[in-house]
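To start, the structure under review is shown below, and the notes come after it.
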Amino acid sequence: MPKNAPRRLRLFAFALLAALLPVSSYAAPSKADVEAQFETWVQSDLWPEAKANGISQKTFQAAFSGITLNWNLPDLAPPGFPPPKEQKQTQAEFSSPGPYFNEDRLKKLAATGRSFAAQYGSTLKRIEKTYGVPGSIVLAIWGRETGFGAAKIPNSAIEVLATKAFMSTRKEMFRTELVAALHILDGGDVTPADFKGSSAGALGQPQFMPTSYLKYAVDFDGDGHRNIWTSVPDTLASIANFLVKKGWQRDRDWGFEVSIPEAVSCAQEGPDLAKPLSHWASLGIDRNSGKAFPAGEMTAQGMMLVPAGRDGPEFIVTPNFYTIKEYNNSDLYALYIGNLADRIADNGGAFQGRWGDVGKMLRSDVAAMQKALERQGYDVGGSDGLPGYKTRRSIGQWQAKNGMKPTCFPEATMKGKLK
């Protein structure tokens with residue numbers, strides 16, 4: 001621009017040039033800047049909410065003494081930093097179920113579980129009498145969550161929850177959990193120094209989120225405190241109380257591994273298609289163990305479950321299976337707990353059915369199948385690329401309708417046919 005250009009025009013040109021410069025040319029906030037914002041947020045934003053929720057200032061100050069942001073946690077979105085990259089479905093395969101049931105790991109957990117069943121026999125009997133949940137189920141969850149309390153839980157729960165409430169991808173959810181955590185400290189069950197959780201904010205040996213702790217944790221050793229960090233009786237009873245409050249049915253099993261005859265459609269699974277066990281037995285569905293179904297179960301409701309379709313173990317499960325899923329919303333998790341509990345209680349072994357070579361399709365391909373089925377009027381439970389029971393039975397129904405042998409599981413050969 002000529003030197004004799006009007007000053008106002010030169011200033012306008014410089015402003016336009018600055019506006020066109022890439023954002024990266026500006027200094028991004030440093031971690032120290034974000035830490036300062038965090039301190040302001042704690043005092044000016046979080047404290048008023050905590051105070052309004054009845055948290056004492058003494059508790060609040062003790063909880064945040066020495067607390068800084070934990071930059072090593074997953075799923076963080078610090079203010080002023082580039083947002084985390086979205087993970088494209090096309091890059092992810094859903095996993096084969098087989099490796100989830102690591103036999104060496106299950107054997108070790110079962111052996112340890114049986115030793116704890118003997119050590120805490122009187123406590124477990126009292127828990128069963130009080131809550132109606134078998135000790136083997138409680139022990140299996142304890143073992144799966146924290147290796148019967150052996151897992152190290154080094155994180156300050158307040159540090160984790162505060163970090164995630166301030167700068168995670170799910171801030172509102174963690175803010176709710178943080179306020180619940182402050183209520184726990186305010187109640188005096190645990191000191192800030194002993195208030196430990198996982199990198200996701202789950203607390204103690206049963207891995208309860210703070211809101212779950214407030215609802216389900218119990219004092220079972222009678223010391224006046226709900227202690228899920230170092231008290232085994234409190235830990236075990238709290239797990240049992242959780243299951244009962246979520247609907248556990250006393251005197252019922254979790255489920256049974258079965259063989260489903262070829263003539264019986266695999267597209268009958270799901271909690272919404274429950275029928276008396278006598279109905280399933282009348283179709284020729286038998287337990288793989290060779291034992292009969294318990295007489296007390298025959299008039300009660302049971303549901304078909306084929307987590308890998310025809311290419312894996314098959315089950316008839318009870319409503320208690322879906323109660324276990326309240327702890328972790330996964331069919332495989334609930335099956336793991338059921339199998340481990342059977343090993344602890346009856347020296348059971350691995351499922352007799354073998355997991356086939358499944359779970360290698362891209363989630364995007366499965367999602368495309370789900371959308372195609374939806375267009376044809378099937379209820380697949382959502383097109384997330386994960387084959388839940390609604391997707392599995394829809395596939396089985398579609399296969400039967402189109403003259404194929406129902407497998408009730410997504411297969412690569414279906415891609416060209418299901419559009």
Side-chain angles (χ1 to χ4, degrees), residues 97 100-101 106 109 113 117 124-146 202-209 211-218 220 228 234-258 268-277 280 287 293-294 296-307 313-346 348 351 381 388-390 392:
Y100 189 85
F101 298 89
L106 274 161
L109 286 173
L124 290 166
K125 285 180 181 177
R126 200 157 59 92
I127 287 172
E128 289 188 34
K129 183 178 180 180
T130 303
Y131 300 102
V133 181
S136 57
I137 292 287
V138 174
L139 287 169
I141 291 176
W142 185 33
R144 182 72 177 87
E145 292 298 321
T146 56
L203 306 175
Q205 297 189 40
Q207 289 291 275
F208 282 173
M209 293 302 288
T211 51
S212 290
Y213 174 98
L214 292 174
K215 292 177 183 176
Y216 310 115
V218 296
F220 206 69
I228 60 171
D234 287 6
T235 294
L236 298 178
S238 295
I239 293 170
N241 187 47
F242 176 97
L243 294 174
V244 167
K245 294 287 177 61
K246 292 293 186 179
W248 185 272
Q249 296 182 8
R250 186 186 287 262
D251 298 325
R252 293 211 65 188
D253 210 308
W254 67 269
F256 313 92
E257 188 185 5
V258 299
Q268 302 182 70
E269 72 166 315
D272 54 341
L273 296 180
K275 294 178 176 64
L277 259 72
W280 300 116
R287 293 179 68 180
F293 291 110
E297 295 276 9
M298 295 304 286
T299 59
Q301 297 291 296
M303 304 84 161
M304 182 185 290
L305 177 77
V306 285
E314 301 164 336
F315 305 89
I316 297 295
V317 298
T318 78
N320 285 342
F321 174 85
Y322 294 97
T323 300
I324 295 171
K325 283 186 66 176
E326 293 287 337
Y327 215 99
N328 183 327
N329 189 23
S330 159
D331 286 343
L332 298 186
Y333 177 88
L335 287 172
Y336 194 104
I337 296 302
N339 181 251
L340 179 54
D342 288 349
R343 292 174 188 243
I344 292 171
D346 304 315
F351 295 132
Y389 75 87
K390 288 186 176 181
R392 296 193 295 263

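Values in this document were obtained by computation on a predicted structure and should not be read as measured data.
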Practice problem: Using the salt bridge (Lys or Arg N to Asp or Glu O under 4.0 Å) rule, collect all pairs that involve residues 324-346, keeping only residues at least two apart or in two chains. | Solution: Glu103-Arg343, Lys246-Glu326, Lys325-Asp331, Asp331-Arg392

Exercise. Say whether, by atom type as modelled, one donor and one acceptor occur between the side chain of Trp254 and the main chain of Asn320 under 3.5 angstrom.
Key: no

Self-check item: Leu139 and Leu124, any side-chain heavy atoms less than 4.5 Å apart
Solution: yes

Practice problem: Enter the distance from Tyr322:OH to Trp248:CH2 here, rounded to the nearest 0.5 Å. | Solution: 13.5 Å

Practice problem: May I ask you to check whether Phe242 and Tyr216 place their ring centres under 6.0 Å from each other? | Solution: yes

Practice problem: Calculate, to the nearest 0.5 Å, the distance between atoms OH and CD1 belonging to Tyr327 and Ile141 respectively. | Solution: 6.0 Å

Self-check item: Distance flag, aromatic centroids of Phe315 and Phe321, threshold under 6.0 Å
Solution: no

Practice problem: Look at the side chain of Glu128 and the backbone N and O of Gly135, then say whether any donor-acceptor pair between them is shorter than 3.5 Å. | Solution: yes

Exercise. Please identify each residue that fulfils side chain to side chain donor-acceptor pair (under 3.5 Å) with Thr211, with sequence neighbours left out.
Key: Glu177

Practice problem: Verify, without hydrogens or angle tests, whether Glu257 (side chain) and Phe351 (backbone) share a donor-acceptor contact under 3.5 angstrom. | Solution: no

Quiz item: To the nearest 0.5 Å, how far apart are CG in Leu277 and CZ in Phe293?
Solution: 5.5 Å

Quiz item: So, Thr323 side chain and Leu243 main chain: donor-acceptor pair closer than 3.5 Å or not?
Solution: no

Self-check item: Listed partners of Glu297 passing salt bridge (Lys or Arg N to Asp or Glu O under 4.0 Å), at least two apart
Solution: Arg252

Quiz item: At what distance, to the nearest 0.5 angstrom, does CD of Glu269 lie from NZ of Lys390?
Solution: 12.0 Å

Exercise. Kindly compute the distance separating CD1 (Ile316) from CE (Met304), expressed to the nearest 0.5 Å.
Key: 5.5 Å

Exercise. Can you run down the salt bridge (Lys or Arg N to Asp or Glu O under 4.0 Å) pairs that involve residues 135-145, sequence neighbours left out, and say none if there aren't any?
Key: none

Quiz item: Are Gln249 and Thr318 side-chain neighbours, meaning at least one heavy-atom pair lies under 4.5 Å?
Solution: no

Practice problem: Dump the intermediate steps for side chain to side chain contact (heavy atoms under 4.5 Å, CB included) on Phe101 and Leu332, then the final yes or no. | Solution: CA-CA 9 Å; Phe101 298 89; Leu332 298 186; 3.9 Å; yes

Exercise. Examine distances only and state if a side-chain atom of Thr235 and a backbone atom of Gln205 form a donor-acceptor pair shorter than 3.5 Å.
Key: no

Quiz prompt | Listed partners of Gln268 passing side chain to side chain donor-acceptor pair (under 3.5 Å), at least two apart | solution = none

Exercise. Check whether any side-chain heavy atom of Ile228 sits under 4.5 Å from a side-chain heavy atom of Pro206, and report yes or no.
Key: yes

Practice problem: Show your working on side chain to side chain contact (heavy atoms under 4.5 Å, CB included) between Val218 and Asp234 and close with a plain yes or no. | Solution: CA-CA 6 Å; Val218 296; Asp234 287 6; 5.9 Å; no

Quiz prompt | Separation between OH of Tyr131 and OG of Ser238, rounded to the nearest 0.5 Å | solution = 7.0 Å

Quiz item: Can you check whether Val306 reaches Tyr389 side chain to side chain, under 4.5 Å on heavy atoms?
Solution: no

Self-check item: side chain to side chain donor-acceptor pair (under 3.5 Å) partners for Asn329, two or more places apart
Solution: none

Quiz item: For Phe208, does its backbone N or O pair with a side-chain atom of Ser212 as donor and acceptor, under 3.5 Å?
Solution: no

